[in-house]
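Throughout, a chain's letter reflects where its sequence line sits, starting with A, and its residues are numbered from 1.
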There are 2 protein chains.
Amino acid sequence: MSQPPASPCIKKPCHTGEEKFVQCERCALFPLCDPVEVSGGQFNLIEGLLERRVPVAAGAPLFAEEEEFRAIYAISAGAFKLTLPDERSNEKVCGFSFSGELVGYSGMAVGHYPYRAIALEQSYVCEIPYQRLMDYAEKVPELRNNLFTMLSMETFHSHLSFTTLMGRKNVDQRVSSFLINLEQRTRRRGFDHPTLTLSMRRDDIANFLGLPKETLSRALSKFQQQGLINIDGRRLVLADYQQLLNTAGLPAAKTE
Amino acid sequence: MSQPPASPCIKKPCHTGEEKFVQCERCALFPLCDPVEVSGGQFNLIEGLLERRVPVAAGAPLFAEEEEFRAIYAISAGAFKLTLPDERSNEKVCGFSFSGELVGYSGMAVGHYPYRAIALEQSYVCEIPYQRLMDYAEKVPELRNNLFTMLSMETFHSHLSFTTLMGRKNVDQRVSSFLINLEQRTRRRGFDHPTLTLSMRRDDIANFLGLPKETLSRALSKFQQQGLINIDGRRLVLADYQQLLNTAGLPAAKTE
DNA sequence: CGGGGAATTGAATACGTTCAAAGGCCGTGG
DNA sequence: CCACGGCCTTTGAACGTATTCAATTCCCCG
């Protein structure tokens, strides 16, 4: 397995073997990670606070629901599915997190993680221990300011995902809005290659959307046939974005 | 129309005529609203920062999407529906906000409101002008701390709503999880009367859930017949909460 | 008492789900 | 290098559920 870059900061999207590392500047954690200007010099979080690019093997949990909240994580490379226990299907997929995004932070106020996060592929995360972050924030107002900015942004984005995905009427709407959400988030983290890579299985997507996997499969096949998308296994290209927006019942103007 | 209480702070849920005012301590804005202890005395936000119980008439917008972000609002009494423009149905209901909850704050980081908020009934909101809040926060670290706590809580609750409502398979699941979400939020703001009041029309609920209103109506009738709920117009009692959780596909233990 | 919007009910149709089976892909071992 | 086996994904056909459109009832307000 290839190693993550040794340099302290990733200036542009880079690939080591299979893994795609997000550019640090595009990462949701960047406001914290970036050295802050403090009266009389710089204050660098990387020294002593941030644990960079901790590897998480495919299938391994980053944290489990109910586990004590200990750290904020940003995904540097890879992807995670977020799950809750569920008696009938044994797990309910309640979300996905991709590189450049924060994960688990919504448990901050209540002291435990609100779901389980499982790596979908070989992944790397940057970790800020929560208590240490708070201690530093106590001392460095600029840092607290950045923390605030970061959380506001996350709030906005999770709201955006919610309105994009919630209350879609039929299968076509649900599937296409999922694809659009995926695309928007991929762009945001700075990968502008037209080909998206689905790091999760069909099962997981179907579970998330509340559809049987067969129905999802049929919808994707139909979109393919209609020329809306180009899908081959886990490689996906949105061939007709405008028409896809239309199918999803979303406004034609980019909702980003 | 009855007037809001004249007292500066509402110590317990109170009713003036029709309106139910949430108890200040149960309000999401309370961390900011509550006088903070500062070295050498108290710092009271109510003086000079907070605009209390501004009335909003039924049907009137509190703010519109794309409007410049100017203030954080907490709902003191009443309820709002949150909508986005939509060509086919002319509006897409993307959420509801009830007394004790914040509304619109997710637009903070991007400088504009992310949706339109329309009062469903005569309502009252407490308003904190954003710029003034930031200025104060610059000076009073305790205030900034409380702001942070408040946002973390909101993040958690919006995540909870998301997982409760997202990806429910069939009509029964969607409708029952909506009712459960409603009940949880009503409890949270301190109203423990068994009867919930639906302040929105059936149309709005159906729109939000992505169902035709007829289908929603049928589901409610069926639940009624099965003894899960007791519904009469806009008055609703969840008669068998456990069974309702089960229908929704949610764990029996309270998800709160 | 009458009017009008909202909510419910009914019946035909369209849509999505289920169960069964086949196809494709990938890793392992011969 | 090819064959095998397992898992993931797709396809097929019958069934069940949700949507649609129309009609009726309910309820609030004039």
- Start with the C-alpha gap between A/Asp204 and A/Glu91, add the side-chain angles, then the distance that decides, and say whether side chain to side chain contact (heavy atoms under 4.5 Å, CB included) holds. CA-CA 10 Å; A/Asp204 292 327; A/Glu91 71 170 25; 4.0 Å; yes
- Task: Classify the side chain of B/Arg218 versus the base of D/dT20 as yes if they form a donor-acceptor pair under 3.5 Å and no if they do not.
- Result: yes
- Query: Considering only heavy atoms and no angle criterion, is a donor-acceptor pair shorter than 3.5 Å present between the side chain of B/Arg201 and the base of C/dG5?
  - Reply: no
- Just checking, any donor-acceptor pair under 3.5 angstrom between side chains of A/Thr197 and A/Arg234? no
- Query: Is a side-chain donor-acceptor pair under 3.5 Å present for A/Arg174 with A/Asn170?
  - Reply: no
Over how many whole Å does the gap from [X] atom [atom1] to [N] atom [atom2] extend?
X	N	atom1	atom2	result
B/Asp232	C/dA6	CG	C1'	14 Å
B/Leu216	D/dT20	CG	C1'	16 Å
A/Arg174	C/dC15	CZ	P	15 Å
A/Lys169	C/dC15	NZ	C1'	14 Å
A/Arg234	C/dC25	CZ	P	14 Å
B/Leu220	C/dT9	CG	P	10 Å
A/Asn170	C/dT17	CG	P	10 Å
A/Arg202	C/dG23	CZ	P	19 Å

- Task: Please confirm whether the backbone N or O of B/Arg70 pairs with a side-chain atom of B/Tyr113, one donor and one acceptor, at under 3.5 Å?
- Result: yes
- Query: Any donor-acceptor pair under 3.5 Å linking the side chain of B/Gln243 with the backbone of B/Asp240?
  - Reply: no
In terms of side-chain heavy atoms of [X], which of [options] is nearest?
X	options	value
A/Lys213	C/dG16, D/dT9, D/dT20	D/dT9
B/Thr215	D/dA18, C/dG16, D/dA22	D/dA18
A/Glu214	D/dT10, C/dT8, C/dG16	D/dT10

- Residue met sooner reading DNA chain D from 5', once B/Lys222 and A/Ser221 are mapped to nucleotides: A/Ser221
- Message: Does C/dT9 have OP1 or OP2 under 4.0 Å away from a side-chain N or O of B/Ser217?
- Response: no
- According to the interplanar angle, ranging from 0 to 90°, do the rings of A/His159 and A/Phe156 count as parallel (below 30°), tilted (30 to 60°) or perpendicular (above 60°)? tilted
- Note on the structure: side chain to side chain donor-acceptor pair (under 3.5 Å) with B/Thr186: of B/Gln184, B/Arg189, B/Arg188, B/Glu183, only one passes, and it is B/Arg189
- Query: At what angle, to 10 degrees, do the two end axes of the helix from C/dC1-D/dG30 to C/dG30-D/dC1 meet, given five pairs define each axis?
  - Reply: 30°
